[in-house]
Enquirer: 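One structure coming up, written as structure tokens, with questions to follow.
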Amino acid sequence: MLISAATPTPPTATHSYNPGGLIAVLVLVALLALAVYLLRCWAFPFTTCPHPNRRRAWRCRRCEGTGRRLRAGRRFLNHLRHIRRHGNHH
């Protein structure tokens, strides 16, 4: 009587690795994050200026001394609105 070795055979590959699915998920997550950011920029257009006004004589160009400045995403939304209303004419 022959005794066969009890070593497992390596499993055969049933499919190959396709990075397309992972890339699609990453693109969807990035688009969702962008949509959430733009929604926040629409709802809350101002943020705190990173340049605090320590001296009264110095006025920040970004916030003009108010301590609040327009978010970059809100500037982008305003630009899109301007293009939609007035065309691409500067």
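Index from 1, following the sequence.
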Enquirer: Linking Ile, Leu, Val, Met, Phe, Trp and Tyr by side-chain heavy atoms under 4.5 Å, what else ends up with Val25?
Expert: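 Val29, listed by chain and number.
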
Enquirer: With a cut-off of 3.5 Å and sequence neighbours excluded, list every side-chain donor-acceptor pair involving residues 69-77.
Expert:
from, atom 1, to, atom 2, distance (Å)
Arg71, NE, Phe44, O, 2.8
Arg74, NE, Asn78, OD1, 3.3
Arg74, NH1, Cys41, O, 3.4
Arg74, NH1, Trp42, O, 2.9
Arg75, NH1, Leu70, O, 2.9

Enquirer: When rounded to the nearest 0.5 angstrom, what distance separates OG1 in Thr47 from CZ in Arg68?
Expert: 8.5 Å

Enquirer: Answer with yes or no whether the hydrophobic clustering places Leu80 together with Tyr37; edges join I, L, V, M, F, W, Y residues whose side-chain heavy atoms lie under 4.5 Å apart.
Expert: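 In one cluster: yes.
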
Enquirer: Output the rest of the hydrophobic cluster of Ile23: all Ile, Leu, Val, Met, Phe, Trp and Tyr residues reachable through side-chain heavy-atom contacts under 4.5 Å, sorted by chain and number.
Expert: Val27, Leu31

